[in-house]
2 protein chains.
Amino acid sequence: MRIGQLAQLVGVETQTIRFYEQQGLLPPPDRQDNGYRVYTEKHGERLAFIRRCRILGLSLAEIHELQSYQDDPHQPCTAVNALLDDHISHVRSQITALQALEKQLVSLRASCNDDREVEACGVLAGISEGNMHQQ
Amino acid sequence: MRIGQLAQLVGVETQTIRFYEQQGLLPPPDRQDNGYRVYTEKHGERLAFIRRCRILGLSLAEIHELQSYQDDPHQPCTAVNALLDDHISHVRSQITALQALEKQLVSLRASCNDDREVEACGVLAGISEGNMHQQ
DNA sequence: ATTGACCTTATAGTAGCTTTATAGTTTTAA
DNA sequence: TTAAAACTATAAAGCTACTATAAGGTCAAT
């Protein structure tokens with residue numbers, strides 16, 4: 001299987017595959033005589049794993065960590081669960097922060113309507129005056 | 001006022017101030033004979049404005065846009081409000097996406113406990129099997 | 001023989017800084 | 001007075017996770 005086929009199979013761009021290889025997330029495949037990369041099913045599975053992790057919002061470093069656990073399958077999976085727990089609490093704090101931000105933005109927006117000049121704009125005044133909650 | 005004092009006043013690093021200047025967000029200040037930048041209160045206000053916008057999650061490009069409106073204060077402020085509306089809906093869709101992600105992560109986490117080996121880890125199996133909701 | 005589709009590497013661009021390197025200036029303490 | 005500490009300057013690289021571009025080699029079909 002060449003790089004283009006693998007890319008289409010998993011739904012990524014060829015450059016992304018080369019990038020993962022360069023980052024050490026995907027093992028370097030064998031090469032044909034002409035230098036073309038040749039992939040096996042194992043590569044396909046590994047690439048799909050990476051992509052699913054990315055969809056879950058894991059960083060490449062975290063994926064790397066997960067792979068290192070997979071390479072040593074007889075240790076307890078405590079660290080895997082801890083990694084996920086950390087990620088969940090990270091996502092939750094992002095949500096909390098964004099909700100607070102939304103509230104702030106909505107109240108800022110409410111301080112103006114469209115019938116004013118920039119000079120009298122409630123939104124710009126609101127930002128400029130700096131009566132904002134910290135963080 | 002020199003760059004270090006301004007930085008301390010507003011709570012940013014000196015490099016950030018130079019960076020904003022380079023990006024055209026902060027007007028180039030006068031220089032002393034030795035080349036040191038000399039800032040006025042206007043610079044302080046402008047920098048504080050930038051920082052508040054950043055806290056609100058606006059991009060440097062959006063801040064630039066807001067500044068261009070401020071520089072022409074007699075047009076209607078429709079565009080300012082539109083920019084904020086766009087930003088609010090952007091934040092809202094981020095929240096929605098993160099909430100869906102959280103749900104997915106929590107259900108994945110529920111498929112394992114800490115008393116297994118990596119080989120039998122429900123979390124890793126869940127990711128590998130790929131029974132994930134798209135997007 | 002040449003077009004088109006595929007592959008290769010290397011390099012730069014994205015956002016918003018932060019870090020590092022190297023060097024000149026000013027202030028302060030010995 | 002001098003030497004160290006603290007400040008300033010510029011330029012360039014690093015961060016994340018790719019994406020895009022450039023310049024070129026390979027292969028099948030026309």
Side-chain angles (χ1 to χ4, degrees), chain A residues 1-26 28-39 43 46-67 83 86-87 90-91 94 97 101 135, chain B residues 1-26 28-39 43 46-67 83 86-87 90-91 94 97 101 135:
Chain A
M1 192 193 258
R2 292 192 316 200
I3 197 168
Q5 294 170 277
L6 178 61
Q8 197 169 13
L9 190 69
V10 180
V12 299
E13 307 231 7
T14 55
Q15 300 103 311
T16 305
I17 296 176
R18 291 191 199 100
F19 172 72
Y20 288 155
E21 177 183 336
Q22 185 193 316
Q23 298 299 302
L25 287 170
L26 208 53
D30 287 342
R31 302 284 185 132
Q32 291 177 350
D33 291 347
N34 57 16
Y36 289 12
R37 289 170 176 82
V38 188
Y39 291 98
H43 287 99
R46 191 113 178 191
L47 180 54
F49 180 84
I50 295 170
R51 284 274 91 191
R52 288 191 214 105
C53 287
R54 291 293 301 133
I55 288 168
L56 293 174
L58 298 175
S59 70
L60 299 191
E62 288 168 326
I63 297 171
H64 207 84
E65 200 180 327
L66 286 184
Q67 288 183 340
L83 191 155
D86 282 355
H87 187 55
H90 180 231
V91 168
Q94 271 186 259
L101 179 59
Q135 234 92 23
Chain B
M1 193 194 259
R2 293 194 317 198
I3 197 167
Q5 294 170 278
L6 178 62
Q8 196 168 13
L9 190 70
V10 180
V12 298
E13 306 231 7
T14 55
Q15 300 102 310
T16 305
I17 296 176
R18 291 189 200 101
F19 172 73
Y20 288 155
E21 177 183 336
Q22 185 192 316
Q23 299 298 303
L25 286 170
L26 208 54
D30 288 341
R31 303 282 186 132
Q32 290 178 350
D33 292 347
N34 56 16
Y36 287 15
R37 290 170 176 84
V38 187
Y39 292 98
H43 288 99
R46 192 115 178 192
L47 180 54
F49 181 84
I50 295 170
R51 284 274 93 193
R52 287 190 214 105
C53 287
R54 293 292 301 132
I55 288 169
L56 293 174
L58 299 175
S59 69
L60 298 192
E62 288 169 324
I63 296 170
H64 208 82
E65 201 181 326
L66 285 184
Q67 287 183 341
L83 192 155
D86 283 355
H87 188 55
H90 180 232
V91 168
Q94 271 186 258
L101 178 60
Q135 234 94 23

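Chain identifiers are assigned alphabetically (A, B, ...) following the order of the sequence lines, protein sequences preceding nucleic acid strands; residue numbering begins at 1 within each chain.
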ask   = Taking A:Tyr20 as the fixed residue, which of A:Gln15, A:Arg51, A:Arg46 is the one that meets the side chain to side chain donor-acceptor pair (under 3.5 Å) rule?
value =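 Of A:Gln15, A:Arg51, A:Arg46, side chain to side chain donor-acceptor pair (under 3.5 Å) with A:Tyr20 is met by A:Arg51 alone.
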inquiry  = With each end axis built from five pairs of C1' atoms, what bend angle do you get for the helix from C:dA1-D:dT30 to C:dA30-D:dT1? Round to 10°.
reply    =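 About 30°, once rounded to a multiple of 10°.
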Set of residues satisfying side-chain hydrogen bond (donor to acceptor under 3.5 Å, both in side chains) with respect to [X], sequence neighbours excluded:
| X | answer |
| --- | --- |
| B:Gln5 | none |
| B:Gln32 | B:Asn34 |
| B:Tyr39 | none |
| A:His43 | A:Thr40 |

request  = For B:Thr14 and B:Ile3, work out which heavy atoms get closest and say how close.
outcome  =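 For B:Thr14 versus B:Ile3, the nearest heavy atoms are O-CD1, 3.6 Å.
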How many angstroms lie between atom [atom1] of [X] and atom [atom2] of [Y], to the nearest 0.5 angstrom?
| X | Y | atom1 | atom2 | answer |
| --- | --- | --- | --- | --- |
| B:Leu25 | B:Ile17 | CG | CD1 | 12.5 Å |
| A:Leu26 | A:Ile50 | CG | CD1 | 5.0 Å |
| A:Gln8 | A:Met1 | CD | CE | 10.0 Å |

Expressed in angstrom and rounded to an integer, what is the separation of [X] atom [atom1] from [N] atom [atom2]?
| X | N | atom1 | atom2 | answer |
| --- | --- | --- | --- | --- |
| A:Gln22 | D:dT19 | CD | P | 14 Å |
| A:Asp33 | D:dG25 | CG | P | 18 Å |
| A:Glu21 | D:dA17 | CD | P | 18 Å |

Using atom names, set out every protein N or O paired with an N or O of nucleotides 5-9 of chain D below 3.5 Å, distance rounded to 0.1 Å.
from: D:dT8; atom 1: OP1; to: B:Gly4; atom 2: N; distance (Å): 2.7
from: D:dA9; atom 1: OP1; to: B:Arg37; atom 2: N; distance (Å): 2.8
from: D:dA9; atom 1: OP1; to: B:Arg37; atom 2: NH1; distance (Å): 3.0
from: D:dA9; atom 1: OP2; to: B:Arg18; atom 2: NE; distance (Å): 3.0
from: D:dA9; atom 1: OP2; to: B:Arg18; atom 2: NH2; distance (Å): 2.8
from: D:dA9; atom 1: OP2; to: B:Arg37; atom 2: NH1; distance (Å): 3.4
from: D:dA9; atom 1: O3'; to: B:Arg31; atom 2: NH1; distance (Å): 3.4

query = Closest nucleotide of DNA chain D for A:Glu13 versus for A:Gln32: which of these residues is on the 5' side?
reply =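 Nearer the 5' end of the strand: A:Glu13.
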inquiry  = Does any part of the side chain of B:His90, heavy atoms only, come nearer than 4.5 Å to the side chain of B:Gln94, both counted from C-beta?
reply    =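 B:Gln94 reaches B:His90 side chain to side chain.
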task = Using chain B heavy atoms and a threshold of under 4.0 Å, write down where along DNA chain C the contacts begin and end, 5' to 3'.
result =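 Going 5' to 3' along DNA chain C, contacts run C:dG16 to C:dT26.
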request  = Please name all residues satisfying salt bridge (Lys or Arg N to Asp or Glu O under 4.0 Å) with A:Arg37, sequence neighbours left out, ordered by chain then number.
outcome  =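 Here the qualifying residues are A:Glu21.
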Polar atoms only, N or O, under 3.5 Å: list the protein pairs with nucleotides 21-24 of chain D and their distances.
none

Going by atom type alone, with no hydrogens or angles, which donor-acceptor pairs under 3.5 Å involve a side-chain atom of residues 53-63 of chain B and a protein atom two or more places apart or on another chain?
from: B:Arg54; atom 1: NH1; to: B:Leu58; atom 2: O; distance (Å): 2.6
from: B:Ser59; atom 1: OG; to: B:Ala61; atom 2: N; distance (Å): 3.4
from: B:Ser59; atom 1: OG; to: B:Glu62; atom 2: N; distance (Å): 3.1
from: B:Ser59; atom 1: OG; to: B:Glu62; atom 2: OE1; distance (Å): 3.4
from: B:Glu62; atom 1: OE1; to: B:Ser59; atom 2: N; distance (Å): 2.8

